[in-house]
Peer 1: 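Take this structure, written in structure tokens, and hold onto it; I'll ask about it next.
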Amino acid sequence: MDADAQKRAAGEAAAALVESGMVVGLGTGSTAAWFVRALAARGLDIVGVPTSAATGALAQSLGIRLGELGETKGIDLTVDGADEIGPGLSLIKGGGAALLREKLVWEASARCVVIADAAKQVKTLGKFPLPIEVVAFGHTITSLRICDALSECDLGVAPRLRMKDGAPVRTDGGNLIYDAACGRIEEPAALAAALKSVTGVVDHGLFLDLADTALIGAPGGVLTLEP
Ligand code: 5RP
């Protein structure tokens, strides 16, 4: 099974967890898109809360009714992808620049299920560059402070502004993304706290103690992991 087939299998397994009447957080990325397609195919009476404009457009095109965060009675279940899945279901997310909306939706959810292909599972987080969302105003100064925060955590790396087609990538909220190629993040909680203390940092892609279950598409089938 190739990576895309693994993502699809994980997305379909997650769609089977949804019941009519639920409010469902809809993640962002190629794996989450498989979930959204499989969910739409079930034809359930649900409300989807998208974590990005792209996911909202996909869900709407497939006939899923949408609600906004805070408009619904709460979110029963959120299903989303990840860039890395580490010990205790600690995650790096934000490869698709949707980390802030994703984290807001995850934190408002009664249950969060992360779906991924097998290559996303790692022993130590950090090989995937950690996305950090910052406000555009004064962002070069903010990036220097991020550098200091990384050094405090023994990570001597300079974050790089994410670019696409020659221009800085803008998030759905109009912010910028810096990516920090940490290598190995030995103490994710300490790093998360250090980054959050920098003025101008909106949020970062470390999702700690948020995932309740992981469904991993693997060559032999879909594996279920708990923290
Ligand atoms: C978007 C994300 C995605 O969930 C993450 O990048 C994984 O993407 P994919 O499923 O395409 O591998 O965090 O911000």
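Atoms within a ligand are numbered from 1 in the order they appear, just like the ligands themselves.
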Peer 1: Which residue owns the protein heavy atom closest to atom 6 (O) of ligand 1, what's the atom, and how far is it?
Peer 2: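 Nearest protein contact, heavy atoms only, for atom 6 (O) of ligand 1 is D83 OD1, 2.6 Å.
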Peer 1: Where on A116 is there a heavy atom closer than 4.0 Å to ligand 1, on the side chain, on the backbone, on both, or on neither?
Peer 2: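 Answer for A116: neither.
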Peer 1: Suppose I only count heavy atoms of K120 and a 4.0 Å limit; which atoms of ligand 1 are within that range?
Peer 2: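 With K120 as reference, the close atoms of ligand 1 come out as 9 (P), 12 (O).
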Peer 1: Counting heavy atoms only, which of E84, K93, E102, R101 comes nearest to atom 1 (C) of ligand 1?
Peer 2: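 It is E102 that holds the nearest heavy atom.
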Peer 1: Counting only heavy atoms closer than 4.0 Å, does ligand 1 sit against the backbone of S52, its side chain, both, or neither?
Peer 2: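 It is neither; nothing of S52 touches ligand 1.
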Peer 1: Using heavy atoms and a 4.0 Å limit, tell me yes or no: is G27 in contact with ligand 1?
Peer 2: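 Per 4.0 Å heavy-atom rule, G27 does not contact ligand 1.
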Peer 1: With atoms numbered from 1 as shown, which atoms in ligand 1 lie under 4.0 angstrom from a non-hydrogen atom of G96?
Peer 2: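 Near G96, meaning under 4.0 Å from one of its heavy atoms, ligand 1 has 1 (C), 2 (C), 6 (O), 14 (O).
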Peer 1: Name the option, out of S30, G81, G95, that contains the heavy atom nearest to atom 9 (P) of ligand 1.
Peer 2: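 Residue with the shortest heavy-atom distance to the ligand atom: S30.
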Peer 1: Would you tell me whether R101 and T28 have side-chain atoms, one donor and one acceptor, within less than 3.5 Å of each other?
Peer 2: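 Side-chain D/A pair, R101 to T28: absent.
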Peer 1: Short N/O distance, under 3.5 Å, between A32 and ligand 1?
Peer 2: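 Between A32 and ligand 1 (N or O atoms, distance only) the closest approach is not under 3.5 Å.
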Peer 1: Taking 4.0 angstrom as the limit and counting only heavy atoms of G94, give me the atoms of ligand 1 inside it, by number and element.
Peer 2: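 What qualifies from ligand 1 is 2 (C), 13 (O), 14 (O).
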Peer 1: Ligand 1 versus D117, non-hydrogen atoms closer than 4.0 Å: side chain, backbone, both, neither?
Peer 2: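 Neither; nothing of D117 gets under 4.0 Å from ligand 1.
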Peer 1: Test N175 against V134 for side-chain contact (heavy atoms from CB on, under 4.5 Å), laying out the working first.
Peer 2: CA-CA 6 Å; N175 298 315; V134 304; over 6 Å; no
Peer 1: At a 4.0 Å threshold, what atoms of ligand 1 neighbour a non-hydrogen atom of A98?
Peer 2: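 In order of number, 14 (O).
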Peer 1: Which residue and atom name correspond to the protein heavy atom nearest atom 10 (O) of ligand 1, and how close is it?
Peer 2: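 Result for atom 10 (O) of ligand 1: T31 OG1, 2.5 Å.
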Peer 1: Between T55 and S52, is any side-chain donor less than 3.5 angstrom from a side-chain acceptor?
Peer 2: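 Note: T55 and S52 side chains meet the donor-acceptor criterion.
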Peer 1: Do L26 and L215 land in one hydrophobic cluster if side-chain heavy atoms of ILVMFWY residues count as linked below 4.5 Å?
Peer 2: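 Yes, same cluster.
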Peer 1: Using 4.0 Å as the upper bound for N to carboxylate O, is an ion pair formed by D203 and K103?
Peer 2: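 Looking at D203 together with K103, the answer is yes, because their closest N to O distance falls below 4.0 Å.
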Peer 1: Using a strict 4.0 Å cut-off to heavy atoms of A97, name the atoms of ligand 1 that fall inside it.
Peer 2: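 Once the distances to A97 are compared, the set is 14 (O).
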Peer 1: Starting from atom 3 (C) of ligand 1, locate the nearest protein heavy atom and write down its residue, its atom name and how far away it is, to 0.1 Å.
Peer 2: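 Checked against all protein heavy atoms, atom 3 (C) of ligand 1 sits closest to T28 O, 3.1 Å.
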Peer 1: Between G29 and ligand 1, does any nitrogen or oxygen pair lie at a separation below 3.5 Å?
Peer 2: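 There is no such contact.
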Peer 1: Using a 4.0 Å cut-off to any heavy atom of A82, which atoms of ligand 1 qualify?
Peer 2: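 That gives atoms 4 (O), 5 (C), 7 (C) of ligand 1.
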Peer 1: Under 4.0 Å from a heavy atom of D80: give me the atoms of ligand 1 that qualify, with their elements.
Peer 2: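 In order of number, 4 (O).
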Peer 1: Applying the side chain to side chain contact (heavy atoms under 4.5 Å, CB included) criterion to E84, which one of Q121, K127, K120 satisfies it?
Peer 2: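 Checked Q121, K127, K120 against E84; only one passes side chain to side chain contact (heavy atoms under 4.5 Å, CB included): K127.
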Peer 1: So do the side chains of L176 and V169 get within less than 4.5 Å of each other, counting heavy atoms only?
Peer 2: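 Contact flag for L176/V169 side chains = no.
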Peer 1: Quick check: do T224 and E226 have side-chain heavy atoms less than 4.5 Å from each other?
Peer 2: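 T224 vs E226: side chains touch.
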Peer 1: Between H139 and Y178, what is the ring plane arrangement, given parallel below 30°, perpendicular above 60°, and tilted in between?
Peer 2: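 The rings of H139 and Y178 sit tilted, inter-plane angle from 30° to 60°.
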Peer 1: Per the side chain to side chain donor-acceptor pair (under 3.5 Å) rule, which among D212, T78, T213 passes with R111?
Peer 2: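 Single pass found, and it is T213.
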Peer 1: With rounding to the nearest 0.5 Å, note down the distance linking CD in E186 to CG in L125.
Peer 2: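 E186 atom CD to L125 atom CG measures 10.0 Å (nearest 0.5 Å).
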